[in-house]
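This report concerns only the one structure given below.
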Amino acid sequence: MVPSSGARRGVAVAATCSLVLGCVALLGWWIGSTTLISIADGLPSMVPNTAAALVLSSVSLWALGVRERPAPVRRLGQACAAVVIALGLAILVEYAFARDFGVDRLLPAGRMDSPGKLPGRPSPNTALCLILIGLSLLSLPVKTRRACLLSEWSALLAAALALAALTGYVFGVDHFYGLPALLPFTGMALHTAIAFLALCAGLLMARPDCTALATLTASRPGGILLRRFLPYVVLVPLVIGRLVLVGADRGAYPLAASFWFASAITTLLLGAMLWVSAARMNLLDEARQRAEEERAFLATVAQSSDDAVMGTALDGTVLSWNPAAERLFGYDASEVIGKTMPVLCLPERAGEAEAVLARLRRGERVERFEAVSRTKGGTSIDIEVTVSSIADASGHVTGVSMICRDIGRRKAMEAEIASAHEAERRIRSQLEAIGTASAAVSEALARLPRSESGVRSVLEVLTRHAKEIVGADYAALGIGEDSQRQFDAWVPSGVPAERIAQIGAPPRPVGVLGAVVREGRTIRLADVRVHPAYIGLPPHHDPIEAFLGVPIRFHGRSVGNLYLGKRPGRPPFTEDDERVADLLADRTCGALETARLYRAEANERKRLEAIVEQLPEAAILVDAKGRLISCNKLALQYASSVVDEPDPWGNRLSFEHRTPAGEPLVWDERPLIRALERGEVVAGAEGLLRRADRGLVPVLVNAAPVRSDDGELQGAVAVFQDISALKEMERQRQEWIGVIAHDLRQPIQVIATASQFLGRAADEQAVADGRKQLARITSSIERLRRMIDDLLDASRIEARQLTLDRSPVNLRAQLGEILEKSAEVTAGHALRLEVKGDVPAVLADPGRLEQIVTNLLSNAAKYGRPEGDIAVTVSAERASAHIAVTNWGGGISEASLPYLFKRFSRAPEVDPRSVRGVGLGLYITKGLVEAHGGTISVESSPGGATTFRFSLPFALDIARAAGA
């Protein structure tokens, strides 16, 4: 057995330790240093011969401890070992026969004074150790069992002598390391004993296959326990004995008690180690039991496996055989176990199994492979073999595990697959023909015009290629399902033109043709005349025997039917012909549907173009890049031709679009541009368009983007509605309102004048009733005047004719005056004004500002909580002042907020009979605020506060903007 890397390192360390100790002692003798040859005064020294023997033993162990050394090095090691044996024998002979062979004077031992008679002679036990170590060294290269035992026992005896000497030094007993009575000043030196122990350890590690070291390094429970407790068994008695002896020497207890003390402690420690050993053995036994259970589990898995599992030795002898192997090969386990593998191999292939086993013995890896085996009955079977090596704990391959699987079925499937490939090759040419036909149909489809003749050209291409692919004599394609009508389209192929003329009108979907239509499946007949629905052929038609009818369906809907026929005497259509015809129908059904949709789309386009052309509004359609696609005749009346500078989209027709005020509308704000570039839907945008015959015409513009089904922008459309008549009606309505208001003012003024006159002329003794009536007349007049003013303001706002006399206004002072004047309209409510910070002057019409605030205060008083507070808050923002009027009451629902600023609108939560007015207050207020360049909004929560906020620009910002 080759030593492991750890054992090699141990041999090298042992040899180095012995070499160093021997060299140090020789140096001590050479330079006369007592410290180097003896550990302490009065103790034996390492003599020169012993030191030289240690050096030679170290060299021999280095040369022979590893087998890979060259032959000259091994011979050097053997020579050194022989010299060591000869030296030890000579010393023992000198002691035994009182002879002097001069060996003691070979080295310079006389350089130092020594009390002994023989300063260069080792002690007898040292000489015996040298002989034993030399014998062990000489036995290392021999690989026999006897040599192994000789080497092992020699090293163990030498270690025992060295350990006895070491024990003597520990306990101070000189009889253990020398013979002081016979040979005073002679004995095994302490470092000599240490060197001998190192050499013995190196010798044991150099032969790991021997019993001692194999037991120590084994992975079994015994080896584990020996490695764990051997150091304690060796060291504990020494340490305890030495400690007890030290205590006795110092008088701590009598010598007799020290022996009892040492014995008791040793017994306790050894008992504890024995207890621990037992516990460790129990754990190892549990591990062994688990391993056996795992082994039993694996054996059960192997026994229940559907694959044949067998185990063999490296020579091919079968060791295990599961039931699946019995079923596969037909041999019982008793018939195969103990025999070699070739019993399962065909005679002509027996060498394959031997080759596989040879590769496994060499440590090579064998991949999964296929083989041919034979059963007990002699039947050959195809198997797939998976081979795995079985290794012991040290990693050495001891056997082989093989899993065999019957692959006969798989082989049969592979044969079927090969047959299928052959069939595939047979129809490949037909598939190529189908590809050619599909390409031809696609090309005809690409050239398809929007006409009936164009659709017919696609059908002719499909019919002709179908006839050629399946080898038919005649082919026809019919579109239609009504048995009472002829086919909508009937395209024959293979029939001469004169014969078609003789046959006359196309057929109807009846008979076998109708069966294909009704059943919606392929009908293949060797003789069409045997079909129950056969009703014969039309006059002048050539006879047909073999028949193949294929429905052409697109997404489950019939788009046509393909009919193929052969003359009598021709071979019938095959399954391959049917399959190819079905495939051609599947590949071309989309083309037929597309052709039909082309025709339908053309008709629909014409219908839509007629509708758009007759629209009473101007319509414009542009594509995704803004290029003009179409416009109706009415839209052309608004267009002007531009030759030099087309619009940003490159169109030569332009439309002059202006705002309602007559100002040119910037390009990005035009409704059609907003719809196309921003995707906005513009509804009811008012503006002006120039018309060649009428100048600027008021129009209402609607524009929207045009998107595909997947949301992609494809263009935009715009519709212009002439609202000149509506504008004229609005103008007449405004004039009517003005006339009515003027006519109402005159009688009101007369009534007011008369009432004032009566009031002044009335005597102080006039009846109280008269004064009350006069007061009512005055109040009604004032109310009627306010209503007329509101109607006039609303009319001016709608006509954009509202004029303002604006000037810088101090909001703090102006709002204070307005609140004082509003005491009558807010009677019963507490007013408070809060100005936050310094608010600059605003540019406003003071009268109109008073009208805005008075309307909001009146509204707050009408709809707020009775006797509730009304707060007016003023604050400054970036470029404008913000005024808020807040009251507390029932509030306004969120659904009603968008309608508050419309004409004649009131909150639905309030009874109209309880509130006076015509519903124009907030509408006029919004118009006045916007005329000042501000904005107005409202916030309200039901049952809480309602706040109207409006803004007015600062006078300073307006002035700066004007200067700029």
Is the side chain of [X] donor-acceptor paired with the backbone N or O of [Y] at a distance under 3.5 Å, no angle test?
{"X": "Arg674", "Y": "Ala703", "value": "no"}
{"X": "Ser951", "Y": "Thr935", "value": "yes"}
{"X": "Asp623", "Y": "Gly715", "value": "no"}

Are any of the side-chain heavy atoms of [X] and [Y] separated by less than 4.5 Å?
{"X": "Val717", "Y": "Val622", "answer": "no"}
{"X": "Leu688", "Y": "Pro698", "answer": "yes"}
{"X": "Ser807", "Y": "Pro846", "answer": "yes"}
{"X": "Leu815", "Y": "Val874", "answer": "yes"}
{"X": "Leu856", "Y": "Ser822", "answer": "no"}
{"X": "Leu843", "Y": "Pro808", "answer": "yes"}
{"X": "Phe950", "Y": "Val853", "answer": "yes"}
{"X": "Val872", "Y": "Leu857", "answer": "yes"}

Could you give the distance from [atom1] ([X]) to [atom2] ([Y]), rounded to the nearest 0.5 Å?
{"X": "Ile852", "Y": "Lys926", "atom1": "CD1", "atom2": "NZ", "value": "12.5 Å"}
{"X": "Gln851", "Y": "Ile924", "atom1": "CD", "atom2": "CD1", "value": "6.5 Å"}
{"X": "Leu849", "Y": "His932", "atom1": "CG", "atom2": "NE2", "value": "6.5 Å"}
{"X": "Thr886", "Y": "Glu939", "atom1": "OG1", "atom2": "CD", "value": "8.5 Å"}
{"X": "Arg557", "Y": "Cys589", "atom1": "CZ", "atom2": "SG", "value": "10.0 Å"}
{"X": "Thr873", "Y": "Arg832", "atom1": "OG1", "atom2": "CZ", "value": "7.5 Å"}

Next item on the list: Using a strict 4.0 Å threshold on nitrogen-to-oxygen distance, state whether Glu677 and Arg670 make a salt bridge.
Entry: no
Checklist line | Chi angles and distances behind the side chain to side chain contact (heavy atoms under 4.5 Å, CB included) call for Arg658, Leu665 | finding: CA-CA 5 Å; Arg658 295 177 176 268; Leu665 188 62; 5.7 Å; no
Closest heavy-atom pair and its distance - [X], [Y]:
{"X": "Asp838", "Y": "Pro840", "answer": "O-CD, 3.6 Å"}
{"X": "Asn702", "Y": "Ala683", "answer": "OD1-CA, 3.3 Å"}
{"X": "Ala860", "Y": "Val885", "answer": "CB-CG1, 4.5 Å"}
{"X": "Trp888", "Y": "Ala945", "answer": "NE1-CB, 3.5 Å"}
{"X": "Ala931", "Y": "Arg806", "answer": "O-NH1, 4.2 Å"}
{"X": "Ala881", "Y": "Val839", "answer": "CB-CG1, 3.9 Å"}

Item checked: Chi angles and distances behind the side chain to side chain contact (heavy atoms under 4.5 Å, CB included) call for Phe901, Ile936 -> CA-CA 9 Å; Phe901 295 104; Ile936 188 169; 3.8 Å; yes
